[in-house]
Protein chains: 2
Amino acid sequence: MTSREASVPMPRTARRGRPGYDLDSLLAVAVEVFNERGYDATSMGDLSERLGIAKSAIYHHVASKEVLLRLALDRALDGLEAVTQGARELDVSAVRRLEHLVHESVVLLLDHQPYVTLLLRVRGNSPVELAALQRRRALDRYAASLVRDAVRAGDLRADLDPTVTARLMFGLVNSLVEWTRPASRAHTQALPDEVSALVFDGLRVRDRPR
Amino acid sequence: MTSREASVPMPRTARRGRPGYDLDSLLAVAVEVFNERGYDATSMGDLSERLGIAKSAIYHHVASKEVLLRLALDRALDGLEAVTQGARELDVSAVRRLEHLVHESVVLLLDHQPYVTLLLRVRGNSPVELAALQRRRALDRYAASLVRDAVRAGDLRADLDPTVTARLMFGLVNSLVEWTRPASRAHTQALPDEVSALVFDGLRVRDRPR
DNA sequence: CCTACCGATCGGTAGG
DNA sequence: CCTACCGATCGGTAGG
C-alpha cells in the first residue's frame, strides 16, 4: 500500500495544489455510485459525471476502476479485522467475545456502511474480489470457532450447528446494510444493542426466573 | 403473461420441433450465470457460451436480456406472495402467522434458491427492477404488521421497534442465499426449524421455568 | 410447417 | 479519440 492509498486521509488544511478531490473524497463518491448501480454496471463515465470532472481526470488518482474497488474493499476489511482482533484480545469467555464481536460489528457497519456494503456484494468475479472474499472467510472462521467454544462451555444452545449458527448471526448483522441509512442516525445508538438482544435472547416473550 | 412465460413448464413429452432448450431450461441456466457474475456483468455472449448455443439463438426464446431478468424475478415473487397469502389465510394469532411465514419463507428460499437470490440482489436500476422492489416491499410491510400485532398481543418483546425487528428477522432468513448450496440438502430438512429457533428463542442458554 | 438454431452484421458504448 | 466488445437483428437452415 503506497502513501497515496493510506486508509487515514491526509489533513486537507494547508495543502498545496489545485483544490478538488483527493483520493479519499474521490473514493467516497465512487463507493456511493458503486453501491447504487453495482460495481460492474458503473462505468467510468458514470463516475466522472457524478464527480463533476472529466473521465480522464479520474485516472490521475487511480490506475483503473479495479483499483477503486480494491481500495474500498481494503477499508471495510481493515475495519472488520480490527474488530475481530479486539475480540481476540479480550480476556473473557467465548460468549462474551462473541457478544463483543456482534456489537462492534454493528457499530463498524453503521460507521463505514458504504464500504462494508460494497464488500458484502462482492462475488469473486476478479482476483481483487477473490482476495477480499478470502480475507472475509478468515473472519467467518474465527466467529464460528467462538460459537463452537461457547456451545462447549454451555453458554449457547447445543441443538444448532455452530457453523450454521455463526452464518445466521452474521447474516442478520450484515443485513443491516440493506436498509439502514447513514442519514438516520436515530437508530444508530440503539441498533447494536437491539441486534444483540435479538440474536442472543430471541424475540419471544416468556416467563423468566429471577 | 403469455403461455410461453408460464411458471409451470410444459411437459416435454410428445412435443414437436427440434430438441434443445425450452424457455424454462434456458431460464434456469441464465439465472445461474446471473447469480455467479451479477446480472449487469453478464453478457449475452456469456450466456450463449454457457448454454452452448449461439448468442442469436437466445433471442429466439426471449426478446431481451431484461425479459430473462423479469421472468426470473416473477418466479421468486410469485412464490413469496403465495407463502404470504398462506400466512394471511391461517386462522391463528399474529405470532403463529409470523412463525409460519418465517418457516415457509426458508422452505421456499431453499427450494427456489437461484430465483430468490437474484431477487435479493436487485437494486432498482431499471423499471423491471423497480417493479420487483415494489412487490417485495408489500411483503415486507405485511411482515412488519404481523410483528406489530404480535407485540401488542404480548407475545413478542416490546423493547424492539417492530419495523426494525421485521427487517432483522428477514435479513437473517434472506442471508441463507449467501451460503446454502442447492446440492447439500443435508441442512435443508433442519434449517427451517433452526432459523425459527434462533429468531424466536435466541441463542443463549438459560434456566426456564416449567 | 413448427421449433431451435446458426453466421454475419449492425449501431452503439465501454474502458483506457 | 481508439479499440474492443456489447445487445440486438436478420436471412437462412435443419431436425422432427
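Here is how names work: the chains are called A, B, and so on, in the same order as the sequence lines, proteins then strands, and each is numbered from 1.
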| Selection from C:dC5, C:dG16, D:dA8 that lies nearest to any side-chain heavy atom of B:Lys65 | D:dA8
| message | Need one value for B:Thr42: base, sugar-phosphate or nothing, where a base atom within 4.0 Å counts as base even if backbone is also close, heavy atoms only. | response | sugar-phosphate
| task | Give a yes/no answer on whether the side chain of B:His60 brings an N or O atom under 4.0 Å of OP1 or OP2 in C:dC5. | result | no
| task | Tell me which nucleotide among C:dG16, C:dA4, C:dC6 gets nearest to the side chain of A:Ser64. | result | C:dG16
| said: So if I take every side-chain heavy atom of B:His61 and compare against D:dC6, D:dA8, C:dC5, which nucleotide ends up nearest? | reply: C:dC5
| request: Using a heavy-atom cut-off of under 4.0 Å over every strand shown, decide if B:Lys55 touches base, sugar-phosphate, or nothing. | output: base
| request: State plainly whether the residues B:Glu36 and B:Arg50 are in salt-bridge range, i.e. N to O under 4.0 Å. | output: yes
| query | For B:Thr180 and B:Gln113, does a side-chain donor sit closer than 3.5 Å to a side-chain acceptor? | reply | yes
| Which nucleotide in the list C:dA14, C:dT3, C:dC6 gets nearest to the side chain of A:Ser43? | C:dA14
| said: Between P on D:dG7 and CG on B:Leu69, what's the gap in Å once rounded to a whole number? | reply: 13 Å
| field | From D:dG7, C:dG15, C:dC5, nucleotide with atom closest to B:Ala57 side chain | value | C:dC5
| Pairing of A:Glu81 and A:Arg135 as salt bridge, 4.0 angstrom limit | yes
| field | For atom CG of B:Leu23 and atom P of C:dA4, their distance in whole Å | value | 10 Å
| task | May I ask you to say what B:Ser56 touches in the nucleic acid, namely base, sugar-phosphate or nothing, with a heavy-atom cut-off under 4.0 Å? | result | base
| field | Nucleotide opposite C:dA14 in a Watson-Crick or G-U pair, distances under 3.5 Å | value | D:dT3
| said: Treating A:Arg157 as the side-chain partner and B:Gly202 as the backbone partner, does any N or O pair qualify as donor plus acceptor under 3.5 Å? | reply: yes
| Roughly how many Å is it from CD1 in B:Ile58 to C1' in C:dT3, rounded to a whole number? | 17 Å
| field | D:dT9 OP1/OP2 closer than 4.0 Å to side-chain N/O of B:Tyr59 | value | no
| From D:dG7, C:dG15, C:dC5, nucleotide with atom closest to B:Tyr21 side chain | C:dC5
| request: Determine, stepwise, if the pair A:Tyr115 / A:Leu73 fulfils side chain to side chain contact (heavy atoms under 4.5 Å, CB included). | output: CA-CA 6 Å; A:Tyr115 298 93; A:Leu73 296 179; over 6 Å; no
| task | Starting from C1' on D:dT13, measure out to CD1 on B:Ile53 and report it in whole angstrom. | result | 16 Å
| said: In whole Å, I'd like the distance from the CD atom of B:Glu49 to the C1' atom of C:dC6. | reply: 17 Å
| task | Check the distance between D:dC6's P and A:Asp40's CG and give it to me in whole angstrom. | result | 13 Å
| task | Measure the distance from CG on B:Leu68 to C1' on D:dG7 and round it to the nearest whole Å. | result | 12 Å
| B:Met44 side chain: which of C:dG15, C:dC5, D:dA8 is closest? | D:dA8
